[in-house]
Amino acid sequence: MDIYEEVMELAKRRGFLWPSFEIYGGTAGFYDYGPLGAALKRNIEHLWRRFYVIGEGFYEIETPIIGVEEIFRASGHLASFTDPIVECKSCKEFFRADHIGDRCPVCDGELGDVFEFNLMFKSFIGPGSKRAGYLRPETAQGIFVDFPRLLRFFREKIPFGIVQIGKAFRNEISPRQGLIRLREFTQAEAEIFVNPQEKTHPGFDLVKDEVLTLLPRGADEPTRWRLADAVREGIIAHELLAYHIHLTYRFLTAVGISEDRLRFRQHMLDEMAHYASDCWDAEVLLDRLGWIEVVGIADRTDYDLKAHQEASKVDLGVFMAYDKPKVIEKRKIKPKMEVIGPRFKQDAKRIVAALEAMDPDEVGDQEIVLELEGREVTITPDMFECVKVREEVSGERLIPHVIEPSFGIDRIFYAVLEHAFSEEEVEGERRVVLRLLPSIAPIQACVLPLLGARDELVKVARDVHRQLRRQGLIVEYDASGTIGRRYRRQDEIGTPFCITIDYETLEDDTVTVRFRDSMEQVRVAIDELGDWLHSELGL
RNA sequence: GCGCCGAUAGUGUAGCGGUUAUCACCGAGGCUUGCCAAGCCUCAAACCCGGGUUCGAAUCCCGGUCGGCGCACCA
């Protein structure tokens, strides 16, 4: 068994992960999080909130999992997720069916049947199958379409950041490798709306000397880079992206990803999504699977907001005031309404709009011929004049750029398990330990009477168990089997502390606390146990 | 989607056409046990699904599902 198998076997056996719908044969690409798995995942998500909501001051929102068709038409997902695909029968190559002829362009072989390649799950909103709805393929779009409301919430000022943690769905052709490619998965995404001219971060100064392992585009080997150098050399596009790469590094290590199995790889130009100007993946090294992307940190530019602005006809710009109003002089076409109005009546409005859109320098004082819904309309020079105007401009509208760190929580979850998994030999016996960081362990401590059949020990153990739960700790109780067996059970699920009630407890009200990783023991007074655990757990 | 391989208690497995499906671990209960999976007793627990061949199928054949690997896909 390799590590992947060991981890998955343990995860299944001990209630972290189960294949979904198992009694009906299961379905590829779906996993249930069992009692311990759900707890661990929740802890990972909470820690993520600590970094992004508390640490960065971003706000979390929650938007529907089903989106209307318009969203995904605008975002580009509809077009790029629903290609008709055809496969060559002889060389097995895939092609867009609408882009080729009757024969395979590679080997001239015969083509198979055309099928829809649809990565979005489709549904219908309301009765009658009239209105299509799609399960979102990323949580981001829900944030983008809320932009006008969000901007108002932030009192018309950028930059600001919004996060969302939630399910996203992709109907993968062939999901594989456990949690690595799921059809339903959890994303934690931050969308940071910034001024395109100011891709900086006030905290960059504090991290600029930090060193990360980067694999820039075109490099064969990862190299260590000081962040400030990477930005100065143009390896990382700008400070803001560099800051978020570092923040991602801090989060991943805080959640238990081992630092020497973590790197940041820059996307190839042809690999980058259609919207991005620069993109870095956080990759973790997994035993069987190699380097796997767990986070994408992209500069999505103004792609999404622009697309939604165009599709929805709602202005998604921000008014950016200049420090000082600018005075500009320019030539302008000024329509004479007293002539145009009576002459063109209801068409006047559209004619004026067309005139004002024209370049005064090209027009001069000639006659203008406009095309209006197929008709030609002649505008004579007496209907307008070119004037020089002085305008005071106090600012401009611009569409913000979006920086997006996007976390695949399920992949991180798996990586955390695998990086925490360890086996060692203790007195000739195999000991499996899940070295989860105490702060994210699903069970924080386990209370054990040294001997499960001694009423006087059991009674105290139950009291201690109850007391700790009252103090807000997630604590288990186990009295069955020998003490060593019970320690090992907890080791395997990553419980950092075992609390043993022994005969000394009955004399002086102290307990044995046994550490998962070192198996060392200390004595702690029952009175102080709650505080002691809180501090050891980093709560 | 394609190709190759696989699927037996919770986990790991034996089985190779013929009674009641092997063993170990785990689990539950009991005895024992004064700090690291000790020992003893008892119990619970499985042939992925559907068809076919056969007197008889966990076993052979076909289809499906799930899993692994390779190809493809992964905006």
Side-chain angles (χ1 to χ4, degrees), chain A residues 1-2 4-6 8-15 18-30 34 72 75-83 85-95 112-120 137-138 170-178 180-183 185 267 270-276 279 288-289 292-293 296 298 300 303 408 426-433 448-454 457 480-492 498-506 511-516 518-521 523:
Chain A
M1 275 214 273
D2 61 16
Y4 173 82
E5 264 175 290
E6 297 248 28
M8 288 306 277
E9 188 266 310
L10 168 63
K12 255 192 257 185
R13 193 162 38 79
R14 303 307 302 266
W18 296 314
S20 296
F21 325 120
E22 209 176 4
I23 64 167
Y24 291 111
T27 297
F30 297 94
F72 302 116
S75 69
H77 288 98
L78 203 58
S80 52
F81 269 47
T82 58
D83 298 334
I85 293 284
V86 69
E87 185 185 12
C88 170
K89 284 179 175 172
S90 50
C91 72
K92 306 290 183 203
E93 201 67 42
F94 284 87
F95 306 97
D113 293 334
V114 175
F115 61 95
E116 273 303 286
F117 172 66
N118 189 338
L119 235 49
M120 280 198 293
E138 59 176 5
R170 295 179 194 183
N171 204 356
E172 298 281 355
I173 295 173
S174 93
R176 289 266 175 93
Q177 299 162 327
I180 302 305
R181 262 174 83 198
L182 294 170
R183 291 190 164 122
F185 54 101
H267 275 210
D270 59 355
E271 170 188 17
M272 217 141 43
H274 51 274
Y275 48 72
C279 187
R288 182 200 287 189
L289 307 170
I292 293 288
E293 171 197 356
R300 291 179 78 132
Y303 178 89
V426 176
E427 291 166 21
E429 297 274 2
R430 186 174 106 110
R431 185 172 90 110
V432 172
V433 191
L448 318 162
L450 180 61
L451 297 173
R454 294 283 186 275
L457 294 176
S480 98
T482 62
I483 189 72
R485 176 188 301 251
R486 284 176 277 157
Y487 284 150
R488 297 301 171 85
R489 264 205 282 263
Q490 296 302 321
D491 289 342
E492 205 180 41
C498 283
I499 293 151
T500 305
I501 309 304
D502 49 31
Y503 286 97
E504 210 176 321
T505 308
L506 303 181
V511 296
T512 299
V513 177
R514 179 261 193 187
F515 293 84
R516 174 195 68 197
S518 62
M519 302 195 293
E520 279 164 12
Q521 306 188 340
R523 292 205 77 81

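Proteins come first, then strands; the chains are lettered A, B, ... in the order of their sequence lines, and each starts at number 1. The structure presented is a predicted model; accordingly, all values stated were derived computationally and were not measured.
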Sugar-phosphate, base or nothing in reach of A:G178, heavy atoms under 4.0 Å: sugar-phosphate
Electrostatic pair A:E5-A:R288, nearest N-O below 4.0 angstrom: yes
Minimum-distance nucleotide (side-chain atoms of A:L289 versus B:rC69, B:rG34, B:rU11): B:rC69
Sugar-phosphate only, base, or nothing, as touched by A:Y4 at under 4.0 Å among non-hydrogen atoms: sugar-phosphate
Contact state string [nucleotides 36-43 of chain B, B base, S sugar-phosphate only, - no protein heavy atom under 4.0 Å]: BBB-----
Under 3.5 Å: donor-acceptor pair, side chain of A:Y487, backbone of A:R516: no
Separation of the C1' atoms in B:rU42 and B:rG51, to the nearest angstrom: 42 Å
Closest to the A:E138 side chain, choosing from B:rG3, B:rA75, B:rG34: B:rA75
Base paired to B:rC31 (Watson-Crick or G-U; both N/O distances under 3.5 angstrom): B:rG39
Nucleotide B:rU11, atom P - distance to CD of A:E5 in whole Å: 13 Å
SB check A:E172 A:R181 (cutoff 4.0 Å): yes
Any A:R288 side-chain N or O less than 4.0 Å from OP1/OP2 of B:rG68: no
Touch class at under 4.0 angstrom, heavy-atom based, for A:R181 against every strand present: base
Nearest-Å distance for atom pair CG/P, residues A:L10 and B:rG12: 12 Å
Closest-nucleotide ordering on RNA chain B, the 5'-leading residue of A:Y24 and A:E172: A:Y24
Interatomic distance where CG belongs to A:D270 and P belongs to B:rA75 [whole Å]: 12 Å
Salt bridge A:R486-A:D491, side-chain N to carboxylate O under 4.0 Å: no
A:E492/A:R431 ion pair, N-O < 4.0 Å: no
Span that lies between the P atom of B:rC23 and that of B:rA9, in whole angstrom: 15 Å
Whole angstrom value for the distance that separates P of B:rA75 from CZ of A:R170: 7 Å
Separation between CG of A:L451 and OG1 of A:T482, rounded to the nearest 0.5 Å: 10.0 Å
Residue matched to B:rG3 through Watson-Crick or wobble contacts both under 3.5 angstrom: B:rC69
Rounded distance in Å - CZ (A:R183) to C1' (B:rG1): 11 Å
Base-pairing assignment for B:rC60 (Watson-Crick or G-U wobble, both under 3.5 Å): B:rG52
Integer-rounded Å distance: B:rC48 C1' and A:I23 CD1: 13 Å
Euclidean distance for P, B:rG34 against B:rC43 (whole angstrom): 28 Å
Atom C1', compared across B:rG1 and B:rG64: separation rounded to whole Å: 16 Å
Whole-angstrom distance between B:rG52 and B:rA57, as gauged at atom C1': 11 Å
Candidate list A:E504, A:Q521, A:R523, test side-chain hydrogen bond (donor to acceptor under 3.5 Å, both in side chains), partner A:T512, passing option: A:R523
Presence of salt bridge, A:E138 and A:R300, under 4.0 angstrom: yes
Between B:rG12 and B:rG30 - P atom distance, rounded Å: 29 Å
Span that lies between the P atom of B:rU53 and that of B:rA58, in whole angstrom: 16 Å
Closest non-hydrogen atom pair between A:G178 and A:Y4, with its separation: N-OH, 3.1 Å
A:H267 NE2 to B:rC74 P, straight-line distance once rounded to whole Å: 13 Å
B:rU11: pairing nucleotide in any strand, Watson-Crick or G-U under 3.5 angstrom: B:rA24
Phosphate OP1/OP2 of B:rC74 contacted by A:S174 side-chain N/O (<4.0 Å): no
Integer-rounded Å distance: B:rC74 P and A:R176 CZ: 15 Å
Pairwise C1' distance for B:rC48 and B:rG67, with rounding to whole Å: 11 Å
Sugar-phosphate, base or nothing in reach of A:G25, heavy atoms under 4.0 Å: sugar-phosphate
Quiz item: A:R13 side-chain donor-acceptor pair to B:rG12 base, under 3.5 Å: no
